[in-house]
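Atoms within each ligand, like the ligands themselves, are counted from 1 in listed order.
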Amino acid sequence: MAAPTTRLFFCLRRQERRLISWRRLWGSFRASFSSSSSSLRRELSPGGMRERAGRDPGLFWGSLAREELLWEAPHHTDCQWDFARGTARWFLGGRLNVAVNCLDRHAQHSPDRVALIWEKDEPGTEEKVTYRELLDMTCRLANTLKKNGIKKGDRVAIYMPVSPLAVAAMLACARIGVVHTVVFAGFSAESLAGRINDSECKAVITCNQGLRGGRIIELKKTVDEAVKKCPSIKRVFVAQRTTSKIHMRSHDVLLEEEMAKVSSICPPEIMDSEDMLFMLYTSGSTGKPKGIVHTQAGYLLYAAITHKHVFDLKQDDIFGCVADIGWITGHSYVVYGPLCNGCTTVLFESTPVYPDPGRYWETVERLKINQFYCAPTALRLLLKYGDEYVKKYDRSSLTILGSVGEPINHEAWQWFYDVVGDGRCTVVDTWWQTETGGICIAPRPSEKEAEIIPAIAMRPFYGINPVLMDEKGNILEGGDVSGALCIAQPWPGMARTIYGDHQRFIEAYFKTYPGYYFTGDSAYRTKEGYYQITGRMDDVLNISGHRLGTAEIEDAMDEHPAVPETAVISYPHDIKGEVAFAFIVLKEHTAHPEVVTKELREIVASKIAKYAVPDHVLVVKRLPKTRSGKIMRRLLRRIVTGGVNDMGDITTLDDPSVIAEILDAFENYKAKHPTF
Ligand code: WTA
């Protein structure tokens with residue numbers, strides 16, 4: 001036992017020494033272009049950061065990487081990139097371990113600092129985990145994986161709700177060089193199987209059951225069903241979240257039981273900066289979800305720096321991001337950013353309305369949360385219940401309120417600011433994507449002199465260079481313009497590829513506007529140069545802040561034997577932001593259309609997830625198509641949003657009488673659904 005412990009600490013001491021020597025080096029480097037200590041302070045001030053980033057983003061990020069991360073070997077090249085080939089590589093030659101950066105260095109200096117506060121489903125039952133305990137848990141989990149044959153380069157799926165063990169599972173993978181893919185624990189067995197097969201995972205880590213809003217979620221059963229179709233799976237590790245008995249299968253391993261048997265010391269695998277850290281599946285405009293790949297050093301640095309600056313982080317802050325770890329927000333701002341920065345991060349297992357709509361604010365009071373980060377959909381839901389649910393709790397600990405995932409409407413922004421923040425907290429509307437790894441456009445409260453305009457994301461982060469393009473691919477200059485939002489230069493947190501399909505990566509992000517990363521969003525730039533995100537330009541829906549391709553839903557519904565054709569479009573919803581509206585064509589002589597629509601809803605829930613089920617399913621005789629056979633979804637959107645008097649260009653429409661036909665069906669549908 002003694003030998004590995006000594007080795008680990010020796011290794012840490014060596015790294016510390018290296019860090020110090022790099023600090024010294026960085027100090028002299030800084031001094032080379034700033035001679036007095038006041039100008040040094042200015043370099044590190046937000047204004048100074050902006051200037052440094054503007055001068056030379058490569059140099060800027062390279063210096064930050066040396067300052068902020070603990071390296072086994074320093075990098076020799078800041079960045080190499082070629083957007084024509086869809087490549088960007090950061091901190092070449094650098095070697096480090098992400099788990100050491102998130103755990104060991106904090107456990108060494110402040111072992112008893114709380115790393116995680118697990119806000120469990122039942123209010124008042126929270127559990128705290130210190131950095132020392134989380135390191136112990138992570139090492140035991142890593143050793144359990146190793147003991148079961150999982151090794152560097154393997155892929156492992158994590159299908160767990162937010163919990164310390166789920167965080168330890170992510171970090172355990174990082175510690176031994178295994179690539180994790182967290183699958184949101186609300187996805188169906190089929191979705192889980194699809195992701196496992198695409199990434200050829202060797203194991204799944206799950207729980208017997210989940211608990212959310214007082215309801216049980218049968219996770220192990222879903223995993224059992226999924227892995228029947230996954231030949232690559234060799235082990236299923238099962239944690240015991242509830243007391244219900246686990247039905248063991250031959251490849252199952254009881255996680256906590258095994259963790260108790262192995263050592264709490266696990267030497268970190270030293271990784272290259274550009275080795276894969278994780279992949280996360282997200283929806284695009286074509287049917288199959290894509291495995292977005294993030295790498296070690298660049299991702300970690302970007303998550304940590306954006307976390308620090310956008311949320312004006314102070315030492316000992318308690319950071320409350322209520323996202324699930326199944327989404328990128330959970331990766332970057334529940335796990336990697338906050339832990340790399342050594343702060344206390346909250347893991348929120350429940351829902352905003354359990355046991356009542358005061359849950360968020362009761363949690364803020366009890367845990368004394370300083371920064372609170374959530375999705376606009378939750379705010380829209382909560383503001384309907386009235387202010388008393390907020391006002392009865394003490395929210396004086398709050399300093400920054402953040403919103404993410406979808407455009408925030410003015411009403412929700414104002415309510416967040418006036419009622420939740422009592423008019424004294426800064427609200428940051430943060431724009432970013434699974435692909436960007438971290439926040440790219442957001443107000444920065446650390447720049448005190450900067451104004452904040454309600455409901456707009458505003459300012460590109462340091463080193464982010466957004467451009468707006470018109471339809472022809474010309475760059476739009478100046479203010480008061482709208483266009484396709486692109487980014488002109490690489491940043492460390494950007495995705496490196498789509499797992500197993502780099503060509504698709506190039507097509508999706510670098511082909512539309514050659515030489516630029518295309519976000520898929522449109523944006524407006526104000527006269528002052530601030531950015532407002534206006535929405536997706538492709539066939540991607542944003543339901544309660546969750547991305548979903550209309551093609552994914554169509555593909556699922558098309559499998560029904562009585563349904564030859566479907567078209568799904570977005571329909572506005574006052575709480576969820578938007579929902580799916582499905583138009584379906586039935587085979588002739590289908591006897592019971594209402595049975596088919598019910599079955600279609602079930603198919604979508606079982607093939608994708610419950611949240612993907614269309615709110616509206618309308619049976620039509622045919623769909624509007626161009627003469628070449630393409631479905632004109634634009635016309636369907638016009639019909640359901642009352643824009644029939646302005647259908648735009650319909651010269652390519654095969655048979656214009658289809659519009660009246662669908663309008664008729666829609667009017668009938670509305671008459672039958674008075675709440676519509
Ligand atoms: C949308 C979530 C407006 C946008 C972090 C983006 C936003 C997609 C905002 C990415 C915002 C995210 N304002 N729209 N502040 N934040 N979006 O990959 O359309 O789940 O492209 O990442 O959400 O969703 P994703």
Side-chain angles (χ1 to χ4, degrees), residues 182-184 186-187 278-285 289-294 299 302-303 306-307 310 321-334 336-337 373-380 401-410 412-413 416 427-443 452-461 464 466 482 484-487 493-495 498 508-509 512 517-524 530-550 552 570 576-578 609 611-612:
V182 182
V183 180
F184 172 58
F187 274 119
F278 66 83
M279 70 180 95
L280 189 58
Y281 284 84
T282 190
S283 296
S285 41
K290 36 194 180 185
I292 297 294
V293 170
H294 284 287
Y299 168 80
Y302 197 71
T306 47
H307 178 242
V310 174
C321 168
V322 289
D324 191 281
I325 51 153
W327 312 114
I328 191 69
T329 309
H331 282 59
S332 303
Y333 301 111
V334 175
Y336 289 111
Y373 195 28
C374 69
T377 184
L379 300 174
R380 288 192 295 264
L401 303 171
S403 113
V404 59
E406 47 174 328
I408 182 165
N409 50 315
H410 277 265
W413 192 98
F416 210 16
V427 174
V428 290
D429 170 14
T430 65
W431 174 86
W432 59 295
Q433 312 176 292
T434 304
E435 296 86 340
T436 68
I439 295 165
C440 283
I441 304 184
I452 291 199
I453 302 174
I456 90 167
M458 299 187 67
R459 305 163 78 92
F461 194 70
I464 296 290
S482 291
L485 178 65
C486 297
I487 303 180
M494 69 184 291
I498 291 173
Y509 305 106
T512 325
Y517 166 81
F518 174 44
T519 63
D521 283 325
S522 53
Y524 167 73
Y530 296 135
Y531 289 85
Q532 177 172 25
I533 314 301
T534 41
R536 296 288 308 186
M537 295 178 74
D538 51 14
D539 291 321
V540 172
L541 303 180
N542 195 326
I543 303 176
S544 304
H546 303 325
R547 264 166 79 164
L548 203 60
T550 51
E552 263 175 86
S570 146
K576 297 181 196 174
E578 54 189 19
Y611 77 87

(request) Could you check Arg547, Lys290, Glu552 and say which one makes a side-chain hydrogen bond (donor to acceptor under 3.5 Å, both in side chains) with Ser283? (result) Glu552
(message) Test your reading of the model: is there a side-chain donor-acceptor pair from Ser332 to the backbone of Ala303, 3.5 Å cut-off?
(response) no
(message) For ligand 1 and Arg536, I'd like to know whether there is a polar contact (N/O to N/O, distance under 3.5 Å).
(response) yes
(message) Checking the side chain of Ser403 only, and the main-chain atoms of Pro376 only, is there a donor and an acceptor separated by less than 3.5 Å?
(response) no
(request) With heavy atoms only and a cut-off of under 4.0 Å, state how Asn542 meets ligand 1: side chain, backbone, both or neither. (result) side chain
(message) Let's go through Glu406 and Arg380 carefully: what are the C-alpha distance in whole Å and the side-chain angles of both, what is the deciding distance for salt bridge (Lys or Arg N to Asp or Glu O under 4.0 Å) to 0.1 Å, and is it a yes or a no?
(response) CA-CA 12 Å; Glu406 47 174 328; Arg380 288 192 295 264; 2.8 Å; yes
(request) Would you mind checking which non-hydrogen protein atom is closest to atom 11 (C) of ligand 1, with the distance to 0.1 Å? (result) Glu406 O, 3.5 Å
(message) I'd like the name of whichever of Gly535, Ala375, Gly402, Gly405 reaches closest to atom 12 (C) of ligand 1 through any heavy atom.
(response) Gly405
(request) State if Trp432 counts as touching ligand 1 under the rule of any non-hydrogen atom under 4.0 Å. (result) yes
(message) What's the separation between atom CD in Gln433 and atom CD1 in Ile328, rounded to the nearest 0.5 Å?
(response) 10.5 Å
(request) Between Ile408, Ile441, Thr434, Ile456, flag the one that comes closest to atom 18 (O) of ligand 1 by a heavy atom. (result) Thr434
(message) Within the 4.0 Å heavy-atom shell around Ile533, which atoms of ligand 1 are there?
(response) 3 (C), 14 (N)
(request) Report the relative orientation of the aromatic rings in Phe278 and His294; use parallel for angles under 30°, tilted for 30 to 60°, perpendicular for over 60°. (result) tilted
(request) Could you list the atoms of ligand 1 found under 4.0 angstrom from a heavy atom of Ile328? (result) 5 (C), 22 (O)
(message) Would Arg547 count as a polar contact of ligand 1, with the cut-off being nitrogen or oxygen pairs under 3.5 Å?
(response) yes
(request) State, with a plain yes or no, whether a side-chain heavy atom of Ile533 is found less than 4.5 Å away from one of Leu485. (result) yes
(message) Check this for me - ligand 1, Glu435, N or O atoms closer than 3.5 angstrom, yes or no?
(response) no
(request) Find all atoms of ligand 1 within a distance of less than 4.0 Å from any non-hydrogen atom belonging to Val404, and give their numbers and elements. (result) 5 (C)
(request) Determine the minimum heavy-atom distance between Leu280 and Thr434, stating which atoms define it. (result) CD2-CG2, 4.1 Å
(message) Taking 4.0 Å as the limit for heavy-atom contacts, which would you say applies to Gln433 with ligand 1: side chain only, backbone only, both, or neither?
(response) both
(request) For ligand 1, note which part of Val540 has a heavy atom under 4.0 Å away: side chain, backbone, both or neither. (result) neither
(request) Tell me, with the steps shown, if Thr306 and Tyr333 meet side chain to side chain donor-acceptor pair (under 3.5 Å). (result) CA-CA 9 Å; Thr306 47; Tyr333 301 111; 2.6 Å; yes
(request) Distance to 0.1 Å, residue and atom name: give those for the protein heavy atom nearest to atom 3 (C) of ligand 1. (result) Pro407 N, 3.1 Å
(request) Return the residue, atom name and 0.1 Å-rounded distance of the protein heavy atom closest to atom 19 (O) of ligand 1. (result) Asp521 OD1, 2.7 Å
(message) If I compare all heavy atoms of His546 with all of Tyr611, which pair ends up nearest, and what's the gap?
(response) CB-CE1, 3.6 Å
